Amino acid sequence: MAYVAVSGGREAIEASMCLMELMRLEKGKAPRVEQLEAGLSVLIDQVMSEGSVYAETVAALAIKQSMGSPEEAVFLLRAFRSTMPRKHYSRTIDTGTMEVERRISACFKDVPGGQILGASPDYSHRLLDFSLLEEGDAELRVKLADIRKKLAVEPGLAMGKLRKVADYLRQEGLLEPLPPNDAEPGDVTKKALEFPASRSERLQVLTRGQTGAVSALGYASLRGYGQLHPTVGELRVGRLAVCVPDRFGPERPEDDYYIGEIRVTEVETLVPVEKTLPGGKAELRFDIGYGLCFGRNETKAIAMSLLDQCLESGTGGFPTHDQEFVLYHVDSVEATGFISHLKLPHYVTFQAKLDSVRRTRKGEQA
């Protein structure tokens, strides 16, 4: 189900669109797309994730056109995506090859490779910096030079490849080994979602899901709707290379075409569960919940990992464990479109309800 622009009188619609353009330009200034790319990178990451398109400039354009409305920007990006031909499929990416920029674990103080705080607002006091009101290009260049000198790093420098924390737990037998699964994943953009959905389809819907909705349902699972207190085994932000195999040559990964890189946030959350062993003995083990989304979006990735574990277990009778409830209600375009359709004319149906109420009241009075 999808909802698009409404119909109506031509002159009225043209006037409405002119008023929208007036609203966008009435202050006599408009940010350039490259300025949005430079200053709103986290919002751009959110829109790319929900829009299911990794294209920073296009996402920035959608944000400009929508005057900063994330839901409208996602709608524009999804519509743009639907017009693009699918020419290639990339090679499956091993996230173990990530060039890590930030990597933390809430499970262990000391992990091989160390805790890498990276860029994050988590350690700030959340106080408004009013000096930014006067920040100009000259001040920006001076501040940037000072920061680079202080940190002695180049812009966007990654820390290198690090082994996953979960691998060490598997070595100790605390996590069950996972056999390789080379089954072709489903594609929710080409085929309507059916239930029960495969894990690949569930993860696709969650990573495309509205950030607030995914976070809210993840929060609900923590508040008692079906999950013991989980722990973030590892959260990492970094860049992954995207390669396309040569369709016309032999199957040799070394001959792949490198087409660029993407920045992602990846989370593996450890959830304590009771496993019944042969003989009826109960033992505490850990399940893994997985989350991955475009760009820097840590809250959504963590919430996604919580919902992944809930949907994978599918037990308990909680809403957060119900595939249909979760997957049908987190999609940004579907949710905002269905709510927005209430603005459309409902004259006939509402008048029918009024007539029914009036007849009922007349009958009662008689």
Side-chain angles (χ1 to χ4, degrees), residues 20-21 23-25 27 29-81 101-102 118-133 135-137 140 143-144 147 155-156 204-219 235-240 260-267 291-304 330-337 339-340:
M20 279 293 294
E21 192 69 358
M23 185 186 298
R24 189 176 71 84
L25 301 173
K27 293 191 175 181
K29 293 182 179 180
R32 297 192 302 273
V33 169
E34 57 266 27
Q35 291 176 320
L36 296 179
E37 284 190 76
L40 299 178
S41 59
V42 175
L43 176 59
I44 288 171
D45 288 346
Q46 177 184 329
V47 170
M48 290 194 303
S49 180
E50 296 180 21
S52 194
V53 178
Y54 196 93
E56 293 168 312
T57 301
V58 179
L61 173 61
I63 291 169
K64 178 177 180 176
Q65 183 176 335
S66 64
M67 293 183 287
S69 167
E71 62 185 54
E72 184 66 21
V74 170
F75 203 148
L76 291 169
L77 204 58
R78 291 267 190 101
F80 168 77
R81 183 187 190 278
E101 300 171 2
R102 168 168 161 78
S120 173
D122 289 351
Y123 317 106
S124 67
H125 294 298
R126 267 43 177 230
L127 299 176
L128 280 173
D129 184 358
F130 288 96
S131 68
L132 298 182
L133 290 171
E135 186 179 57
D137 291 343
L140 189 148
K143 187 183 294 186
L144 186 59
I147 292 173
Q204 286 175 61
V205 173
L206 290 173
T207 197
R208 287 158 49 95
Q210 190 175 40
T211 299
V214 173
S215 299
L217 290 178
Y219 174 52
L235 179 151
R236 49 171 64 192
V237 179
R239 293 174 289 175
L240 294 168
E261 63 183 17
I262 57 175
R263 178 179 276 111
V264 301
T265 301
E266 182 185 37
V267 173
L292 184 142
C293 51
F294 286 155
R296 299 181 183 91
N297 203 334
E298 297 180 12
T299 301
K300 178 181 177 181
I302 295 172
M304 177 181 170
V330 298
D331 187 85
S332 174
V333 174
E334 297 285 354
T336 57
I339 291 173
S340 294

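Since this is a predicted model, take the numbers as computed values, not measurements. The chain is numbered in sequence order, starting from 1.
At a threshold of 4.0 Å, the pair Arg78-Asp331 counts as salt-bridged, since one of the basic side-chain nitrogens sits closer than that to a carboxylate oxygen.
The two residues Leu77 and Gly51 come nearest to each other via the heavy atoms CD2-CA, 4.1 Å. Minimum interatomic distance between Met48 and Ala55 (heavy atoms only, all atoms of both residues): SD-N, 3.3 Å. Smallest separation of non-hydrogen atoms from Tyr123 and Arg102: OH-NH1, 3.1 Å. For Leu43 against Pro70, the heavy-atom pair with the smallest separation is CD1-CG, 4.1 Å. Residues Ser332 and Val74 share a closest heavy-atom pair of OG-CG1, 4.0 Å. The two residues Ala60 and Glu37 come nearest to each other via the heavy atoms CB-CG, 3.7 Å.
Interatomic distance, CD of Glu71 versus OG1 of Thr211, reported as 12.5 Å (0.5 Å rounding). In this structure, CZ in Phe75 is found 13.5 Å from CD in Glu50, a value given to the nearest 0.5 Å. With rounding to the nearest 0.5 Å, the separation of CD1 in Ile147 from CG in Leu140 is 8.5 Å. The CD atom of Glu72 lies 5.0 Å from the CG atom of Leu76; values are rounded to the nearest 0.5 Å. Taking OG of Ser41 as the start and CZ of Arg263 as the end, the distance is 8.0 Å to the nearest 0.5 Å. Distance check: Leu61 CG to Arg32 CZ gives 14.5 Å after rounding to the nearest 0.5 Å.
Using a 4.5 Å cut-off on side-chain heavy atoms (C-beta onward), Met304 and Val267 make no contact. Considering only heavy atoms from C-beta on, Arg24 comes within 4.5 Å of Lys64 through its side chain. Residues Leu235 and Ile302 meet the side-chain proximity criterion, which asks for heavy atoms closer than 4.5 Å.
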Trace of the side-chain contact (heavy atoms from CB on, under 4.5 Å) decision for Gln46 with Lys300: CA-CA 9 Å; Gln46 177 184 329; Lys300 178 181 177 181; over 6 Å; no
CA sep, side-chain torsions, deciding dist, call: Asn297, Asp45, side-chain contact (heavy atoms from CB on, under 4.5 Å): CA-CA 7 Å; Asn297 203 334; Asp45 288 346; 5.6 Å; no
Worked check of side-chain contact (heavy atoms from CB on, under 4.5 Å) between Val47 and Ile63: CA-CA 8 Å; Val47 170; Ile63 291 169; 4.1 Å; yes
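The backbone N or O of Gly295 lies less than 3.5 Å from a partner atom in the side chain of Thr265, making a donor-acceptor pair. Checking side-chain atoms of Ser49 against main-chain N and O of Thr207 turns up a donor-acceptor pair under 3.5 Å. A distance-only check finds a donor-acceptor pair linking the side chain of Ser124 to the backbone of Pro121 [under 3.5 Å].
Around CE of Met67, the count of heavy atoms belonging to other residues, nucleotides or ligands within 6.0 Å exceeds 12. Annotation: Gln65, atom CD; neighbour count of heavy atoms from other residues, nucleotides and ligands within 6.0 Å does not exceed 12. A 6.0 Å sphere centred on CG of Asp129 holds more than 12 heavy atoms belonging to other residues, nucleotides or ligands.
Residues that satisfy the salt bridge (Lys or Arg N to Asp or Glu O under 4.0 Å) test with Glu266, not counting sequence neighbours, are Lys164.
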